Amino acid sequence: MKTIFIVDDNATNLVTAKTVLEGSYKTYALPSAARMFQILEKIFPDLILLDIEMPETDGFEALSALKANEKYKSIPVIFLSANHDSESESRGLKAGALDFIVKPFSPPELIKSIETHLGNESN
């Protein structure tokens, strides 16, 4: 089963995404980028769903740190964000995110994006 990190400082968003993906993926709900980097030392995910607006380290900074690290730069990242302006989307995609999904997200849209970037099989 493929592993997905869900990184968001909003507990409701974490639970919602986890609920949509459970059964198809092994998920880790992480409340901050700092926690994501701690877990990365032990677990290597197949994909990261990353919020942009977070305290301390925002999603853009976290993505930049991932891409700057030889060990983590190949991990696919999809932004999940309440920011629905074209500037945020463009910035995220230019920084290396594979997709940009606006919250509140549609579960079928989230699943389709993940399948597109991981392949159609979830195991």
Side-chain angles (χ1 to χ4, degrees):
M1 186 173 283
K2 293 190 177 179
T3 300
I4 297 178
F5 285 3
I6 306 161
V7 185
D8 196 315
D9 61 317
N10 181 297
T12 301
N13 293 335
L14 287 174
V15 170
T16 301
K18 191 168 178 60
T19 300
V20 167
L21 300 175
E22 69 186 355
S24 297
Y25 300 95
K26 183 171 187 170
T27 58
Y28 290 84
L30 307 168
S32 68
R35 185 72 180 127
M36 175 188 73
F37 284 109
Q38 289 174 340
I39 298 296
L40 270 172
E41 294 176 17
K42 299 175 186 150
I43 299 164
F44 196 87
D46 294 288
L47 185 134
I48 297 172
L49 298 174
L50 184 60
D51 184 24
I52 292 177
E53 301 268 336
M54 295 185 291
E56 297 173 27
T57 305
D58 71 24
F60 293 122
E61 294 166 330
L63 179 60
S64 178
L66 286 167
K67 296 302 179 188
N69 185 311
E70 196 62 37
K71 185 175 176 184
Y72 305 133
K73 71 179 186 179
S74 66
I75 301 170
V77 174
I78 296 173
F79 272 130
L80 285 179
S81 180
N83 293 349
H84 58 280
D85 61 283
S86 59
E87 183 180 322
S88 293
E89 182 173 356
S90 176
R91 182 178 171 198
L93 296 173
K94 283 180 184 174
L98 296 179
D99 206 347
F100 190 98
I101 298 174
V102 177
K103 295 187 288 189
F105 59 84
S106 140
E109 178 187 11
L110 178 63
I111 290 166
K112 180 67 177 165
S113 179
I114 291 169
E115 288 176 348
T116 296
H117 298 295
L118 287 183
N120 287 332
E121 295 186 32
S122 56
N123 340 25

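Computed from a prediction, not measured in an experiment: that's the story for all the values here.
In this structure, L66 is a member of the same hydrophobic cluster as I43, with clusters built from ILVMFWY side-chain heavy atoms closer than 4.5 Å. By the criterion of side-chain heavy atoms lying less than 4.5 angstrom apart, applied directly or through intervening Ile, Leu, Val, Met, Phe, Trp or Tyr residues, Y28 is grouped together with F79 in one hydrophobic cluster. Hydrophobic clustering of Ile, Leu, Val, Met, Phe, Trp and Tyr side chains at less than 4.5 Å, counting indirect connections, keeps L93 apart from L50. Hydrophobic clustering, with ILVMFWY side chains joined whenever heavy atoms are under 4.5 angstrom apart, groups I111 together with Y25. Connection of V20 to F5 is not established within any shared hydrophobic cluster, with ILVMFWY side chains joined at heavy-atom distances below 4.5 Å, either directly or through further cluster members.
Atoms CG and CE, from L30 and M36 in turn, are 8.0 Å apart once rounded to the nearest 0.5 Å. Within the model, atoms CZ of F105 and CG of L49 stand 8.0 Å from one another, a figure rounded to the nearest 0.5 Å. A distance of 10.5 Å separates CG in L98 from OG1 in T116, rounded to the nearest 0.5 Å. Note: S106 OG to K112 NZ = 12.5 Å, rounded to the nearest 0.5 Å. If you take CG on L80 and CG on D99, they are separated by 9.0 Å, rounding to the nearest 0.5 Å. Note that CD of E89 is 11.5 Å distant from NZ of K94, once rounded to the nearest 0.5 Å.
For F37 against A65, the heavy-atom pair with the smallest separation is CZ-CB, 3.7 Å. Nearest heavy-atom pair, E22 versus T19, reported as atom, atom and distance to 0.1 Å: CG-O, 3.4 Å. Summarising the geometry of T57 relative to A62, their closest heavy-atom pair is CG2-N, 3.8 Å, with the distance given to 0.1 Å. A82 approaches K103 most closely through the heavy-atom pair N-CE, 3.7 Å. Considering all non-hydrogen atoms of both residues, E56 and E61 come closest at O-OE1, 3.5 Å. Residues S74 and F44 come closest through the heavy atom pair OG-CZ, 4.3 Å.
Among S81, S113, S90, S86, the one residue that satisfies the side-chain contact (heavy atoms from CB on, under 4.5 Å) test with F100 is S81. Applying side-chain contact (heavy atoms from CB on, under 4.5 Å) to I4 and the options D46, I114, I48 leaves one that passes, I114. Among I52, L14, V15, the one residue that satisfies the side-chain contact (heavy atoms from CB on, under 4.5 Å) test with D8 is L14.
In terms of modelled atom types and a separation under 3.5 Å, the side chain of K67 and the main chain of A95 share no donor-acceptor contact. Side-chain N or O atoms of S64 include none that pairs as donor or acceptor with a backbone N or O of F60 at under 3.5 Å. With K2 contributing its side chain and L118 its backbone, the two residues share a donor-acceptor pair below 3.5 Å.
Between K71 and L40, every side-chain heavy-atom pair lies at or beyond the 4.5 Å cut-off.
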